[in-house]
Amino acid sequence: MSEALDPSRGTPTTERVRGIFSRIAPRYDAFNLVSSFGLDRLWRRATVRMAGITPSTEVLDLAAGTGDLTLAIARYGRPASVLSTDFVEEMLRVGKQKAARYHGPTRISFAHADAQALPFSDASFDVVTIAFGVRNLPDRQANFREVRRVLRSGGRYVILEFSRPPFAPFRAVYHAYLERVIPALGALIAGDRASFEYLNASIRRFPSQQELARELEAAGFSRVRWRNLTGGIVAVHVAEV
Ligand SMILES: C[S@@+](CC[C@H](N)C(=O)[O-])C[C@H]1O[C@@H](n2cnc3c(N)ncnc32)[C@H](O)[C@@H]1O
């Protein structure tokens with residue numbers, strides 16, 4: 001079967017995902033900025049707004065990578081604390097360097113954590129966030145169970161992820177961009193075309209807005225809602241416990 005037709009092309013496995021992110025960590029931020037035309041910053045701010053953060057909120061940021069959502073939460077949400085976690089040290093290291101330049105009221109800390117088996121006690125956070133991470137998890141159900149366990153009653157899971165633009169002509173243009181431009185940019189900026197072919201394929205095979213909402217409900221979350229951003233290229237889902 002050709003690589004282009006292989007349905008497993010965008011399938012995450014722990015080994016594959018760790019390998020990709022440990023390789024691209026130093027170039028990850030540059031790639032993000034260029035490939036999203038800077039829109040990722042607006043998407044993160046919208047995510048923070050939807051998280052309903054107050055000065056006493058304790059936030060856990062999963063698959064936090066180089067810390068862009070963690071820092072947006074601290075800057076624009078100003079919660080009591082945000083714990084930035086990931087299972088790739090190279091990504092967390094970049095996040096720590098960036099956080100050293102933050103001087104606001106939020107306490108930012110870092111921990112190594114697999115989003116599918118969290119090393120935290122039950123009911124220890126008010127908000128759990130994940131940006132562009134849930135798509136990379138081989139076992140979403142395990143993640144949903146773990147997030148429900150560590151959230152306090154009334155807490156929220158806030159997911160920013162690539163999604164499915166509902167307007168078909170726009171979707172076609174976007175898919176062509178994913179197919180042709182993203183791997184080429186990956187090769188140029190990160191010197192790693194294969195990883196960005198995975199990125200494209202993983203976006204294409206990820207559930208739509210409605211499907212993800214149904215999965216969250218089936219996992220026991222309530223009041224599940226979402227907002228499309230940039231024509232549905234990404235969506236922010238909010239689910240409560
Ligand atoms: C596309 S990056 C997103 C990083 C960051 N949240 C952002 O918005 O830029 C995906 C991150 O998920 C992390 N990741 C993937 N699977 C994970 C897992 N099972 N547990 C923890 N982190 C994971 C990767 O190491 C990587 O840093």
Side-chain angles (χ1 to χ4, degrees), residues 10-36 38-48 51 59-77 82-99 108 110-120 127-147 150 157-163 178 182 185-186 189-190 192 195-203 206 229 233-237:
T11 307
T13 63
T14 300
E15 234 169 82
R16 184 179 209 174
V17 170
R18 265 191 217 274
I20 289 174
F21 288 103
S22 51
R23 267 197 314 276
I24 66 175
R27 298 301 192 117
Y28 177 81
D29 286 353
F31 175 81
N32 253 356
L33 185 69
V34 174
S35 63
S36 77
L39 285 170
D40 67 307
R41 294 185 180 177
L42 301 180
W43 297 338
R44 285 174 221 281
R45 278 204 214 188
T47 305
V48 175
V59 183
L60 169 65
D61 188 21
L62 298 177
T66 59
D68 278 352
L69 183 61
T70 300
L71 284 163
I73 289 167
R75 286 194 185 114
Y76 308 115
V82 53
L83 176 53
S84 189
T85 64
D86 202 280
F87 77 166
V88 171
E89 281 306 323
E90 291 84 346
M91 294 289 279
L92 275 180
R93 200 174 303 140
V94 178
K96 283 178 195 165
Q97 285 161 3
K98 284 154 62 177
I108 303 177
F110 294 85
H112 187 282
D114 185 331
Q116 299 165 141
L118 296 173
F120 308 117
V127 169
V128 177
T129 55
I130 188 165
F132 308 113
V134 89
R135 178 174 35 85
N136 292 302
L137 303 177
D139 188 352
R140 271 198 297 280
Q141 298 310 317
N143 168 255
F144 295 165
R145 270 196 305 279
E146 282 291 81
V147 171
V150 302
Y157 190 22
V158 184
I159 302 174
L160 169 63
E161 191 48 90
F162 288 110
S163 203
L178 282 179
I182 288 291
L185 272 183
I189 299 172
D192 187 348
S195 294
F196 291 89
E197 278 170 350
Y198 159 83
L199 172 69
N200 159 36
S202 71
I203 293 173
F206 191 69
L229 302 172
I233 285 181
V234 301
V236 183
H237 284 71

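Both ligands and their constituent atoms are indexed starting at 1 by order of listing.
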*Asks:* In Å, rounded to the nearest 0.5 Å, how long is the span from CG of D86 to CZ of R93?
*Replies:*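 Here the interatomic distance stands at 12.0 Å.
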
*Asks:* Which ligand 1 atoms does M91 reach within 4.0 Å, using its non-hydrogen atoms?
*Replies:*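 Answer for ligand 1: 27 (O).
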
*Asks:* Please give me the minimum heavy-atom distance between R44 and N32, naming the atom from each residue.
*Replies:*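 Residues R44 and N32, closest heavy atoms: NH2-ND2, 3.4 Å.
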
*Asks:* To check your reading of the model: name the closest protein heavy atom to atom 19 (N) of ligand 1, its residue, and the distance in Å.
*Replies:*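 Heavy-atom neighbour on the protein nearest atom 19 (N) of ligand 1: D114 OD1, 3.0 Å.
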
*Asks:* Looking only at protein heavy atoms, identify the closest one to atom 7 (C) of ligand 1 and say how far it is in Å.
*Replies:*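 Ranking protein heavy atoms by distance from atom 7 (C) of ligand 1, first comes R44 NH1, 3.2 Å.
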
*Asks:* How close does the nearest protein non-hydrogen atom get to atom 10 (C) of ligand 1, and which residue and atom is it?
*Replies:*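 The closest one turns out to be F132 O, 3.4 Å.
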
*Asks:* Quick one: does any side-chain atom of E90 pair with a main-chain N or O of A25 as donor and acceptor, under 3.5 Å?
*Replies:*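 Not confirmed, E90 side chain does not pair with A25 backbone.
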
*Asks:* Check ligand 1 against G65 and write out every atom of the ligand that is under 4.0 Å from a heavy-atom position of the residue.
*Replies:*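 Under 4.0 Å from G65, ligand 1 has these atoms: 4 (C), 27 (O).
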
*Asks:* Which option wins on minimum heavy-atom distance to atom 13 (C) of ligand 1: D86, L118, I24?
*Replies:*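 Among D86, L118, I24, the closest heavy atom to atom 13 (C) of ligand 1 belongs to D86.
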
*Asks:* Do you see a donor-acceptor pair shorter than 3.5 Å between the side chains of Y157 and N143?
*Replies:*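 Per modelled atom types, Y157 and N143 side chains form a pair under 3.5 Å.
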
*Asks:* In terms of residue, atom name and distance, what is the protein heavy atom nearest to atom 12 (O) of ligand 1?
*Replies:*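 It is A63 CB, 3.2 Å.
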
*Asks:* Give me the residue, atom name and distance of the protein heavy atom closest to atom 5 (C) of ligand 1.
*Replies:*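 The closest one turns out to be A64 O, 3.3 Å.
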
*Asks:* Decide whether an N or O pair under 3.5 Å exists between L62 and ligand 1.
*Replies:*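 L62 vs ligand 1: no N/O contact under 3.5 Å.
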
*Asks:* What distance do I130 atom CD1 and T47 atom OG1 have between them, rounded to the nearest 0.5 Å?
*Replies:*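 Going from CD1 on I130 over to OG1 on T47, the span is 12.0 Å.
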
*Asks:* What is the nearest protein non-hydrogen atom to atom 9 (O) of ligand 1, stated with its residue, atom name and distance?
*Replies:*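 Looking at atom 9 (O) of ligand 1, the protein heavy atom closest to it is Y28 OH, 2.8 Å.
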
*Asks:* Report the distance from atom CG of D61 to atom OG1 of T85, rounding to the nearest 0.5 Å.
*Replies:*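 Separation between the atoms: 6.5 Å.
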
*Asks:* Identify the closest protein heavy atom to atom 14 (N) of ligand 1: which residue and atom is it, and at what distance?
*Replies:*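 Its nearest protein heavy-atom neighbour is F87 CE2, 3.5 Å.
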
*Asks:* Can you confirm whether L62 sits close enough to E146 that some side-chain heavy atom of one is under 4.5 Å from a side-chain heavy atom of the other?
*Replies:*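 No, their side chains stay 4.5 Å or more apart.
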
*Asks:* Where is the tightest heavy-atom contact between F120 and V150, given as atom of each residue plus distance?
*Replies:*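 The answer is O-CG1, 4.0 Å.
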
*Asks:* Below 4.0 angstrom from a heavy atom of A113, which ligand 1 atoms are there? Numbered from 1 as shown, please.
*Replies:*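 Ligand 1 atoms under the 4.0 Å threshold to A113: 20 (N), 21 (C).
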
*Asks:* Out of all atoms in ligand 1, which are within 4.0 Å of some heavy atom of V88? Include the element for each.
*Replies:*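 Heavy-atom distances to V88 below 4.0 Å select 25 (O).
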
*Asks:* Heavy atoms only, cut-off 4.0 Å: how does L137 contact ligand 1, side chain, backbone, both, or neither?
*Replies:*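 It is the side chain that gets close, since no backbone atom is under 4.0 Å.
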
*Asks:* Which of the numbered atoms in ligand 1 are under 4.0 angstrom from any heavy atom belonging to A115?
*Replies:*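 Those atoms are 18 (C), 19 (N), 20 (N), 21 (C).
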
*Asks:* Quickly, which of L60, T70, T66 forms a side-chain contact (heavy atoms from CB on, under 4.5 Å) with S84? Name it, please.
*Replies:*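 Of the listed options, the one satisfying the test is T70.
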
*Asks:* Of the non-hydrogen atoms in Y198 and R135, which two are nearest, and what is the gap between them?
*Replies:*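 Taking Y198 first and R135 second, the nearest heavy atoms are OH-O, 4.3 Å.
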
*Asks:* With atoms numbered from 1 as shown, which atoms in ligand 1 lie under 4.0 angstrom from a non-hydrogen atom of V17?
*Replies:*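 Near V17, meaning under 4.0 Å from one of its heavy atoms, ligand 1 has 15 (C), 16 (N).
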
